[in-house]
Asks: 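Quick one: the structure is below, questions incoming.
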Amino acid sequence: MVTLHRAVPPAARRVALGDAASAAVASQSPILRVIGAPGSGKTTLAIEFVAARVAAGELTADQCLLLAPTRLAAARLRDAVTARVGGTTSEAMARTHQAFGFAILRAEAALRGDPSPTLLSGPEQDVVLRDLLAGHRAEPHRAPPWPAALLPALETRGFRAELRDLLMRAAEHGVDAQTLARLGHDHDKPEWVAAAVVLDEYDQVTALSRPGSYDPAYILTAAADLLEDDPEALDRLRAQVKLVVVDDAQELTWPGARLLRVLAHPGMQVVLMADPDSAVQTFRGAEPHLLWSDTWPALADAPIVTLDTAYRVPVGVGEAAARVAARIGAVGGGGQRKALDAPDHGREGQVRVALLRAVTQEGSYLASVLRRAHLEGRIPWREMVVVVRGGARAATIRRSLAAAGVPVGTAPGAVPIRDEVAVRPLLLLLDLAIRCARDPASGPTPDETVEILTSTIAGVDAVALRRLRRALRRVELDRRREAHE
């Protein structure tokens, strides 16, 4: 199916570029690195790269591709670039790295007449791992040799999340079960040895139950393998794509960089927009050092353009950030931090430091600051953000703000739908109904009973639950006494 993306006329969306940005757009280097601090215009410049090439007639819109690390970022880029360029395209001009890799696999499968590949979602992976771990508990003699310290955590969702991250990082780097077990022995990591058993079972289960499916972490590796093994497929892709602009390139993983390295050739330009200080996906394999790595010689020798003005950073914030950043080591020399010393003076800002004795005082202080800004400064609630380090601290601050009358909104989390507070009791009741229909003598376990009672369906609070337990205890004691009599 061909999707047409139509945009509004771009005349009102053109921007004035600074000297450094104009020099970057004019560059014809096959590989170009553009670095800049937050608010220095990297995303705007990424769009202007595409618009300039299309406006000059050098390329068509279908020959340009913007890559972003997340779906939300890709959606914003897609809307902005289609509005800037105008016209229609047969493919989306902005995608995530995984979406680009999946499109390669799907297109080649269609040409070969193979079944269309499918993508395993995070919740689906979690279900597979949950079932495997449950099978290990049912058959302990077949369970992996987990260290004793991990045994209490095997049934928790947090453990499954950590295990899935380990398996996905292994898949990204082409590490199979045997290699993972060997690495575990070599580095004295018994948990890796146990995880290798799970990885082998996981691969077998997904291959049998979901043939043609790919894990998100393996997509880029699979796409790069396909292009390296099939020169004709590589030539077809190179004929289609002539410009690749990677926004937030500091979030590149090794497989992502490998795919770009395989795709790059003298007839294509690859532009990497990055701020090494802003990498937030390193826990998922992002490597800011890749921008200066000698594993890709053409990238290591590519010219660097540094954006020298922070347009979005107020003066006070820029000065404070520059003082702090000067004390922190930098990837690639830290040239992007120069923009913090030259913020856009058309924006004002304040930086205040408050030392408080407790988290509750911190919540009260934040609430007073936000309420004052809303009442005296007329700032809408939706334009205020509180940045907190750590989920536990965020929950405490959220409760404090809500108690002080501050509207609180949170970004959607990565919790699977089945684990949501409103969904879990419904699924538990459905599972219980199915079990009772199969075996009328079966019933809920004590833990399941407590979970149902304290859910939003029954609405039993801690006090009522304690009273219920005492009443049941009295009934049990009365029955025992009657039995003895």
Side-chain angles (χ1 to χ4, degrees), residues 97-98 101 120 122 125-126 128-137 139-208 213-226 228-229 250-262 276 279-297 299-300 329 331:
H97 303 275
Q98 283 74 16
L120 282 176
Q125 293 173 319
D126 186 71
V128 174
L129 291 178
R130 184 194 63 184
D131 292 343
L132 290 177
L133 294 175
H136 295 159
R137 291 193 298 272
E139 301 180 3
H141 61 283
R142 301 182 60 182
W146 293 109
L150 289 179
L151 294 179
L154 295 183
E155 298 184 26
T156 63
R157 181 165 51 86
F159 174 80
R160 294 198 304 271
E162 295 293 331
L163 178 60
R164 180 161 63 92
D165 282 343
L166 173 62
L167 301 187
M168 293 306 98
R169 299 295 77 73
E172 278 184 348
H173 293 276
V175 176
D176 57 15
Q178 292 75 17
T179 305
L180 182 59
R182 177 175 54 80
L183 290 173
H185 288 298
D186 294 344
H187 297 277
D188 193 23
K189 296 286 187 180
E191 58 272 21
W192 290 4
V193 179
V197 178
V198 180
L199 176 59
D200 185 46
E201 294 180 349
Y202 176 86
D203 289 339
Q204 294 181 29
V205 168
T206 53
L208 290 174
S213 61
Y214 290 91
D215 295 313
Y218 183 62
I219 286 177
L220 299 179
T221 298
D225 288 343
L226 185 150
E228 286 184 339
D229 296 339
Q250 73 274 4
E251 309 292 0
L252 271 176
T253 61
W254 286 98
R258 179 191 170 202
L259 179 59
L260 291 177
R261 185 176 68 248
V262 172
V280 297
Q281 298 289 327
T282 52
F283 69 100
R284 290 184 175 174
E287 289 285 352
H289 297 84
L290 285 172
L291 297 172
W292 288 268
S293 174
D294 56 3
T295 57
W296 185 357
L299 175 59
V331 176

Asks: How long is the span from the CG atom in Leu183 to the CD atom in Gln178, to the nearest 0.5 Å?
Replies: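 Leu183 CG to Gln178 CD: 11.5 Å, rounded to 0.5 Å.
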
Asks: Passes side chain to side chain contact (heavy atoms under 4.5 Å, CB included), Leu252 versus His97? Steps please.
Replies: CA-CA 9 Å; Leu252 271 176; His97 303 275; 3.7 Å; yes

Asks: Which atom names give the shortest non-hydrogen contact between Pro288 and Ala279, and what distance separates them?
Replies: CG-CB, 3.5 Å

Asks: Measuring from Thr179:OG1 to Trp192:CH2, what's the distance to the nearest 0.5 Å?
Replies: 12.5 Å

Asks: For Ala181 and Val193, work out which heavy atoms get closest and say how close.
Replies: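 Taking Ala181 first and Val193 second, the nearest heavy atoms are O-CG2, 3.8 Å.
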
Asks: Within a strict 4.5 Å, meaning less than it, do heavy atoms of the His136 and His141 side chains meet?
Replies: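 No, their side chains stay 4.5 Å or more apart.
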
Asks: Indicate yes or no: at least one non-hydrogen side-chain atom of Val198 is less than 4.5 angstrom from one of Leu132.
Replies: yes

Asks: Do the side chains of Trp146 and Leu154 get nearer than 4.5 Å, heavy atoms only?
Replies: yes

Asks: Side chains of His289 and Pro276: does their closest heavy-atom pair fall under 4.5 Å?
Replies: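 Answer no - side chains too far apart.
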
Asks: Taking all heavy atoms of Ala148 and all of Pro152, pick out the closest pair and write down the distance.
Replies: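 That closest heavy-atom pairing would be O-CD, 3.7 Å.
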
Asks: Output the distance between atom CZ (Arg160) and atom CG (Asp165), rounded to the nearest 0.5 Å.
Replies: 13.0 Å

Asks: For residues Asp225 and Tyr218, determine if any side-chain heavy atom of one lies less than 4.5 Å from a side-chain heavy atom of the other.
Replies: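 Side chain of Asp225 against side chain of Tyr218, heavy atoms only: contact under 4.5 Å found.
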
Asks: Going through the checks in order, is the salt bridge (Lys or Arg N to Asp or Glu O under 4.0 Å) test met by Arg258 and Glu228?
Replies: CA-CA 11 Å; Arg258 179 191 170 202; Glu228 286 184 339; 2.7 Å; yes

Asks: Could you walk me through whether Glu287 and Thr282 pass the side chain to side chain contact (heavy atoms under 4.5 Å, CB included) check?
Replies: CA-CA 6 Å; Glu287 289 285 352; Thr282 52; over 6 Å; no

Asks: So Glu251 and Val280, side chain to side chain contact (heavy atoms under 4.5 Å, CB included) or not? Walk me through it.
Replies: CA-CA 7 Å; Glu251 309 292 0; Val280 297; 3.3 Å; yes

Asks: Taking all heavy atoms of Thr253 and all of Ala286, pick out the closest pair and write down the distance.
Replies: CG2-N, 3.9 Å

Asks: Are Leu129 and Leu167 packed together at the side-chain level, in the sense that at least one heavy-atom pair is separated by less than 4.5 angstrom?
Replies: yes

Asks: Rounded to the nearest 0.5 Å, what's the gap from CG on Leu180 to CG on Leu166? Could you check?
Replies: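 Going from the CG atom of Leu180 to the CG atom of Leu166 covers 5.5 Å.
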
Asks: Can you name the closest pair of heavy atoms from Tyr214 and Ala222 and give their distance?
Replies: CE2-CB, 3.7 Å

Asks: Taking the side chain as everything from C-beta on, heavy atoms only, tell me whether Leu290 gets closer than 4.5 Å to Gln250.
Replies: no

Asks: Dump the intermediate steps for side chain to side chain contact (heavy atoms under 4.5 Å, CB included) on His173 and Trp254, then the final yes or no.
Replies: CA-CA 7 Å; His173 293 276; Trp254 286 98; 3.3 Å; yes

Asks: What's the separation between atom CG in Leu291 and atom CH2 in Trp296, rounded to the nearest 0.5 Å?
Replies: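 If I round to the nearest 0.5 Å, the distance is 10.0 Å.
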
Asks: How many angstroms lie between CD in Glu172 and CZ in Arg169, if you round to the nearest 0.5 Å?
Replies: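 Output value for this atom pair is 4.0 Å.
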
Asks: In terms of heavy-atom contacts, does CZ of Arg137 have more than 12 from other residues, nucleotides or ligands at under 6.0 Å?
Replies: yes

Asks: Is the shortest distance from a Lys or Arg side-chain nitrogen in Asp215 or Arg164 to a carboxylate oxygen in the other one below 4.0 Å?
Replies: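 Salt bridge absent between Asp215 and Arg164.
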
Asks: Looking at Ala195 and Leu163, what are the two nearest heavy atoms and their distance?
Replies: CB-CD1, 3.9 Å

Asks: Heavy-atom distance under 4.5 Å between the side chains of Leu299 and Trp292, does that happen here?
Replies: no

